[in-house]
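Here is the naming used below: chain letters follow the sequence lines, and residue numbers restart at 1 for every chain.
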Protein chains: 2
Amino acid sequence: MGTQERKAREFAAREDLFLDTARRLILGDGLLSLTMARVAAACDYATGTLYQHFSSKEDLLLALSTLMSGDRVELFCRAAGFDGTTRDRMFALSVADVLFASQCPEHFRLAQYVFTEAVWSATSEARRTQALERSQPMCEEVRSIVRQAVDEGDLPDRGLRNLDLGVGPWTLCLGMHTLVHADGLLSFYDVNRPYGLLLQHIEFLLNGLGWKPLVDDISASHVADKVERLWRGVFHGVCDREGLHVLLSDLDTNSTNRTNRD
Amino acid sequence: MGTQERKAREFAAREDLFLDTARRLILGDGLLSLTMARVAAACDYATGTLYQHFSSKEDLLLALSTLMSGDRVELFCRAAGFDGTTRDRMFALSVADVLFASQCPEHFRLAQYVFTEAVWSATSEARRTQALERSQPMCEEVRSIVRQAVDEGDLPDRGLRNLDLGVGPWTLCLGMHTLVHADGLLSFYDVNRPYGLLLQHIEFLLNGLGWKPLVDDISASHVADKVERLWRGVFHGVCDREGLHVLLSDLDTNSTNRTNRD
DNA sequence: CGCGTATTTTGAACGGCGTTCAATAAATGA
DNA sequence: TCATTTATTGAACGCCGTTCAAAATACGCG
């Protein structure tokens, strides 16, 4: 039955239209002023039609978050394909995360909001499993890199499973994103180059895991060098060189003369 | 003028009443069904009176989150006072965090929600600075432990400032809390004892930082032993021994027979 | 104590939003 | 062509955060 297929295609296309429009509206006026009526109106549909696709406003937001994370997955997979040691590739995943966060900050804000219990619990089961399934490839990359590292003897498994070893860098990244997006918090505590620090701590953690080859000098410039290599290897074309490095540098111009160590 | 002081006291007392009531209502019916009208009614005040204290509903939620984090700060300071090496004390901070998260899960849910941009931006400047200032003691504990460790030669500073070194464990904890509270996510990925893993990764990270004394065998049982000592040293009286250990153990009963390493 | 003024409290009213559903329109197929 | 199913519409509903004019209370002073 060709008509059914066509209908399904049209339905999917309309859903994409709704989501794209919602994204545009959020980018323009912020998450706060997004309303179901506005989304529908901007697409020349009635409000009720939205509910053919999304069980609630929260459901739409989760769908949008999932859609936007597609780019993230892509960047992740690209990073995982870096031609280097397993340790380099694991490091590259964190850089991909940082890069994506800077290129698409609204995604993290949205995701943070959506993963809140108040919002999450108002979404449909179908959307939730969809969200989890779409993120699975990232998880598989982590697993596969860890597996290879253990197999090749570069990483002692200590009786831990593959993802259990990969969950450290994952939580480091996630935590730092959360801090960065909590407006005013890091500046209050005078922490000035969060993502540079993040990558240094990733290296510390990888060293602590005994992930070979160990790095002797984990300095800001070491991280910058490594990021430079990664840019040449996988991230050119996705972002410009300066942009990536500015991310890691100190935002506080007075910091060069800083004397107190607190 | 004594009356002014009395008035201020009464005003503060009423604010506490509002916040306590809001907390009670949230515990009973969840964050979703909390309304300003219900809070006011439960205290036998008119809705408008609430707005003498809080500029918006979000403002109230932030105030509540700040209030609840008082216990967290207390637990943190207690942990920091552990009689052990600087490394032990740093580790103890993470355990305090885990402990608090388990004793007061609604705090983390609330905090996560409040730190969302959509909510945060609807709070008053005064509340935001209050929130940051109240959390300062925790930050000071971290700084002071790191400072002492560096001074005593147990931790190479690598040109990093005190809090820059402490931000790693901080983000690890924060990230893991976020994962734990994203309902269904960890079970989907089959990560079964998040907090046990967190503490292992804290040890990995501290090793990677070169924080002496280094730990050779970072196993689940090593962590359990360390937690046991901490419980005897500082956390008895705040929680029961079993509760603390159950937190770190595997929640999936089938895991003992697990064969695949993914 | 009494009275005028300042302050606080009240809760109905307002506006906006998410969601629903009876009415309407479009599509389908015999 | 027309009956029937399916999809769309948008006004209506209920709920909620917020406001503000009116009522109540507290205060200062003679």
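Comparing C:dT10, D:dG17, D:dT8 by their nearest atom to the side chain of A:Gln52 picks out D:dT8. With C:dT19, C:dT8, D:dT9 as the candidates, the nucleotide lying closest to the side chain of B:Lys7 is C:dT8. Listed candidates were D:dA7, D:dG10, D:dT18. Nearest to the side chain of B:Met36 is D:dT18. Each of D:dT18, D:dT8, C:dT8 was ranked by its minimum atom distance to the side chain of B:Glu58; first place goes to D:dT18. Among C:dT9, D:dA7, D:dT8, the nucleotide with an atom closest to any side-chain atom of A:Arg14 is D:dT8. With distances taken from any side-chain atom of A:Lys57 to the nucleotides C:dT19, C:dT10, D:dT18, the minimum falls on C:dT19. Side chain of B:Ala46, nearest nucleotide from D:dT19, C:dT10, D:dT9: C:dT10.
Contact annotation: A:Thr49 reaches the phosphate of D:dT9 (side-chain N/O to OP1 or OP2, under 4.0 Å). Close to C:dG11, at under 4.0 Å from its OP1 or OP2, lies no side-chain N or O of B:Thr47.
In this structure, B:His53 places its NE2 atom 11 Å from P of C:dT8, rounding to the nearest Å. Between B:Leu32 atom CG and D:dC16 atom P the separation is 11 Å, expressed in whole Å. As rounded to whole Å, 12 Å separates atom P of C:dT20 from atom CG of A:Asp59. Nucleotide D:dT8 holds its C1' atom 10 Å from the CZ atom of A:Phe18, rounded to whole Å. The separation between A:Asp29 atom CG and C:dC17 atom P is 12 Å, rounded to whole Å. The separation between B:Asp44 atom CG and C:dT9 atom C1' is 14 Å, rounded to whole Å. Between A:Arg6 atom CZ and D:dT6 atom P there is a gap of 16 Å when expressed in whole angstrom units. The interatomic distance linking A:Tyr51 (OH) with D:dC13 (C1') rounds to 13 Å, in whole Å.
For the pair A:Glu15 and A:Phe54, the minimum side-chain heavy-atom distance is below 4.5 Å.
A donor-acceptor contact closer than 3.5 angstrom is absent between the side chains of B:His53 and B:Asp59.
A cation-pi arrangement is found for B:Arg14 relative to B:Tyr45, the charged atom lying closer than 6.0 Å to the ring centre and inside a 45° cone about the ring normal.
When ring centroids are compared, A:Trp120 and A:Tyr113 stay outside the 6.0 Å threshold.
Within 4.0 Å of A:Leu34, counting heavy atoms only, lie sugar-phosphate atoms of the nucleic acid but no base atom. Residue B:Thr35 is in sugar-phosphate contact alone, with no base atom involved, counting any heavy-atom pair closer than 4.0 Å across all strands shown.
Between B:Arg109 and B:Glu106 no salt bridge is recorded (no basic side-chain N to carboxylate O distance below 4.0 Å).
Residues A:Arg38 and A:Gly48 both approach DNA chain C. Their nearest nucleotides, taken by heavy-atom distance, put A:Arg38 toward the 5′ side.
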